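Count residues from 1 along the sequence. Keep in mind that this is a model prediction, so the values were computed, not measured.
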Amino acid sequence: MLNSTIAAIATAPGAGGIAVVRLSGPESYAVAQRVFRPANPGKKVMEAKGYTALFGHFVEGEDTFDEGVALFFRAPRSYTGEDVVELSCHGGSAVARRLVEACIEAGASPAAPGEYTRRAYLNGKLGLTQAEAVMDLISADGRQGAALANASLSGALAKKINAQKESLTALQAHLSAWVDFPEEDVPELGDAHLNTVLTGVREELDSLIRNYDAGAVLREGVDCAIVGRPNAGKSTLLNLLAGFDRAIVTPVAGTTRDVVEQAVRLGDVRLNLFDTAGLRETDDLIEAEGIRRSWKKLDEAGLILAVFDGSEPPTREDLQLAQRCAGRPAIALVNKEDKPTQFDAELIAPYFAMVIPVCCQEEGARRVISAAVARLLGTNQIDPHAASLSGQRQLSAATRARDAVAGALDAVAGGFGLDAVSVCVDDALDALCELTGENASEAVINEVFERFCVGK
């Protein structure tokens with residue numbers, strides 16, 4: 001695979017000022033020479049030095065079809081570690097497609113999704129966690145999520161994991177020497193030293209695992225169900241968070257009969273909002289189906305905003321909803337704070353992480369809800385520049401490593417001997433090496449890059 005030269009559009013699809021077609025591989029300069037003519041006839045593509053640019057025209061055969069700039073990168077000082085040429089043409093999709101077709105006709109092969117970053121990984125330009133951070137950075141639509149991804153791309157996670165590996169490797173070297181060479185005068189490791197090293201590693205891994213959910217929310221957003229009785233103010237809340245009239249609001253109970261979806265940004269968090277049908281008993285088949293879907297969304301959601309009508313006493317439906325929210329990431333919003341309060345919030349308080357009085361018609365409520373969501377999801381505690389885990393692959397590997405270290409601590413405490421400790425430390429090191437990609441299988445590598453877009 002690495003012997004081929006690949007080509008693809010590296011910029012987003014659609015019309016724009018420019019589009020970039022990227023070539024990578026041993027024949028990049030030769031392919032570029034066939035499709036690009038420098039405006040200065042004294043300049044030669046094959047002689048271009050790395051980190052230089054030439055202005056010229058793009059050709060297919062003898063037909064000139066655009067003008068633009070070629071940027072040159074010599075191996076190994078390029079993104080992929082190979083010879084790379086980036087051809088910037090005008091941003092019409094027809095022009096960019098034609099330039100790719102010209103490159104393929106000139107000897108390049110179409111790039112597969114993620115193939116450029118995969119080559120960067122295989123050529124040692126990026127670690128596996130850094131490669132995963134590339135796609136996180138591309139897909140991030142919030143400042144903190146982008147900062148988390150950028151920290152991983154800069155190597156924050158790799159450095160954190162490598163530090164734990166170094167601690168365990170030093171420990172394992174001593175353990176192996178003591179176990180394998182009993183005739184030598186190797187000092188036995190004391191329980192105090194074992195506990196200090198293993199506890200330190202476990203705490204670092206615990207911290208990464210504990211912050212995983214909040215980091216995932218910042219990167220990916222969270223599905224949020226807005227639930228409550230008819231006319232409690234659910235659609236008003238949706239419109240408040242969306243910033244425009246996304247849902248129809250009327251005094252008629254049961255106006256919303258199906259799930260209304262809207263993505264919004266609330267502070268640093270993207271909420272995929274689902275405004276649901278009002279929860280009540282009904283003989284209307286269409287409304288009943290909407291209510292069934294409401295309960296389903298509640299069960300699936302990563303965040304629940306349960307809306308209660310503060311101007312009325314709690315009903316049986318209110319209590320039923322509160323009970324369904326028990327143990328879930330749920331906030332109770334007692335709406336219509338601008339009216340005399342008749343709702344006893346203490347009846348529902350045991351079932352929610354927070355109970356907040358609001359008026360969903362007032363802009364100030366948006367700030368209050370934003371702060372509450374950040375506290376509940378833990379996003380207000382995240383340092384966006386610190387190391388963080390991204391994706392189930394990394395979480396699974398970190399969890400296996402943490403559990404293996406915990407097993408080593410149990411072996412020390414139970415007096416099972418240093419052989420048992422050594423086995424657990426070996427398991428922890430294997431898991432950490434899988435996390436960083438040092439012993440990742442081809443299947444794992446394929447899994448990492450299958451979510452990448454073409455051109456990256």
Main-chain N/O of Lys160 paired to Gln164 side chain as donor or acceptor, under 3.5 Å:
yes
Using a strict 4.0 Å threshold on nitrogen-to-oxygen distance, state whether Glu442 and Arg118 make a salt bridge.
yes
Counting distance only, does the side-chain N/O of Ser154 pair as donor-acceptor with the main-chain N or O of Asn150 below 3.5 Å?
yes
Check Ala151 against Pro384 and note the closest heavy-atom contact, atom names and distance.
CB-O, 3.9 Å
Show your working on side chain to side chain contact (heavy atoms under 4.5 Å, CB included) between Leu99 and Asp66 and close with a plain yes or no.
CA-CA 9 Å; Leu99 182 51; Asp66 194 18; over 6 Å; no
Rounded to the nearest 0.5 Å, what separates atom CG in Leu429 from atom CD in Gln172?
6.5 Å
Flag side-chain contact, heavy atom, 4.5 Å: Glu132 against Tyr121:
no
Counting only heavy atoms not in Gln361, do more than 12 sit closer than 6.0 Å to its CD atom?
no
Is there a donor-acceptor pair under 3.5 Å between the side chain of Gln394 and the backbone N or O of Gly391?
no
Taking C-beta and beyond as the side chain, do Ser28 and Thr5 meet within less than 4.5 Å on heavy atoms?
yes
Report yes or no: does Arg393 contribute a side-chain atom to a donor-acceptor pair with the main-chain N or O of Leu435 at less than 3.5 Å?
yes
Shortest non-hydrogen contact from Pro329 toward Gly302:
CG-O, 3.0 Å
Do the side-chain N and O atoms of Thr379 and Asp268 include a donor-acceptor pair separated by under 3.5 angstrom?
no
Donor-acceptor pair, side chain of Thr196 and main chain of Ala192, under 3.5 angstrom
yes
When rounded to the nearest 0.5 angstrom, what is the spacing between CD1 in Ile6 and CZ in Arg119?
4.0 Å
Would you say the side chains of Ser4 and Ser109 form a donor-acceptor pair under 3.5 Å?
no
Could you walk me through whether Glu312 and Gln342 pass side chain to side chain contact (heavy atoms under 4.5 Å, CB included), step by step?
CA-CA 5 Å; Glu312 297 181 0; Gln342 298 190 45; 5.6 Å; no
With side chains defined as the heavy atoms from C-beta onward, is the minimum distance between Leu271 and Val222 less than 4.5 Å?
yes
CG of Leu71 to OG of Ser88, rounded to nearest 0.5 Å, is 5.5 Å
Step through the shown structure and confirm whether more than 12 heavy atoms of other residues, nucleotides or ligands are within 6.0 Å of CD on Glu346.
no
Worked check of side chain to side chain contact (heavy atoms under 4.5 Å, CB included) between Gln381 and Arg375:
CA-CA 8 Å; Gln381 301 294 326; Arg375 287 199 306 275; over 6 Å; no
Rounded to the nearest 0.5 Å, what separates atom CZ in Arg270 from atom CG in Asp223?
9.0 Å
Taking C-beta and beyond as the side chain, do Asp213 and Leu377 meet within less than 4.5 Å on heavy atoms?
no
For Ala156 versus Ala387, what's the shortest heavy-atom pair and its separation?
O-CB, 3.5 Å
According to the interplanar angle, ranging from 0 to 90°, do the rings of Phe308 and Phe352 count as parallel (below 30°), tilted (30 to 60°) or perpendicular (above 60°)?
perpendicular
Glu101 bridged to Arg97 by N-O distance under 4.0 Å:
no
Over all atoms of both residues, closest heavy-atom pair of Ala330 and Cys325
CB-CB, 3.9 Å
Using only atom types and a distance under 3.5 Å, with no angle test, would you say the side chain of Arg366 pairs donor to acceptor with the backbone of Leu241?
yes
Mind checking whether Val227 and Ile304 have side chains closer than 4.5 Å, heavy atoms only?
yes
Derivation and outcome, side chain to side chain contact (heavy atoms under 4.5 Å, CB included), residues Leu87 and Cys103:
CA-CA 10 Å; Leu87 305 171; Cys103 290; 4.0 Å; yes
Could you check whether any side-chain N or O of Ser167 sits under 3.5 Å from a backbone N or O of Ala163, counting only pairs where one atom can act as donor and the other as acceptor?
yes
Should Leu153 and Asp136 count as side-chain neighbours, where that means a heavy-atom distance under 4.5 Å?
no
Going by heavy atoms in the side chains, are Leu237 and Leu273 under 4.5 Å from each other?
no
From Asp309 CG over to Leu333 CG, what is the distance, rounded to the nearest 0.5 angstrom?
12.5 Å
Using atom types as modelled and distance alone, determine if a side-chain donor or acceptor of Tyr116 lies under 3.5 Å from a backbone N or O of Ala8.
yes
Given 3.5 Å as the limit, does a donor-acceptor pair link the side chain of Asn335 with the main chain of Val307, or not?
no
For Arg400 and Ser396, which I'm curious about, is there any donor-acceptor pair between the side chains at under 3.5 Å?
yes
With rounding to the nearest 0.5 angstrom, report the CG to OG1 distance, Leu205 to Thr399.
9.0 Å
Main-chain N/O of Val20 paired with Thr11 side-chain donor or acceptor, under 3.5 Å
yes
Taking NZ, NE, NH1 and NH2 as the nitrogens, is one of them in Arg229 or Asp318 under 4.0 Å from a carboxylate oxygen of the other?
yes
Checking side-chain contact (heavy atoms from CB on, under 4.5 Å) against Leu157, which of Leu148, Asn162, Thr436, Leu389 comes through?
Leu389
Side chains of Arg22 and Thr80: donor-acceptor distance under 3.5 Å anywhere?
no
What is the minimum heavy-atom distance between Leu171 and Val197, and which atoms define it?
CD2-CG1, 4.0 Å
Kindly indicate whether the side chain of Leu305, heavy atoms from C-beta on, has any atom under 4.5 Å from the side chain of Lys234.
no
Exercise: identify the closest heavy-atom pair between Phe449 and Ala131
CZ-CB, 3.9 Å
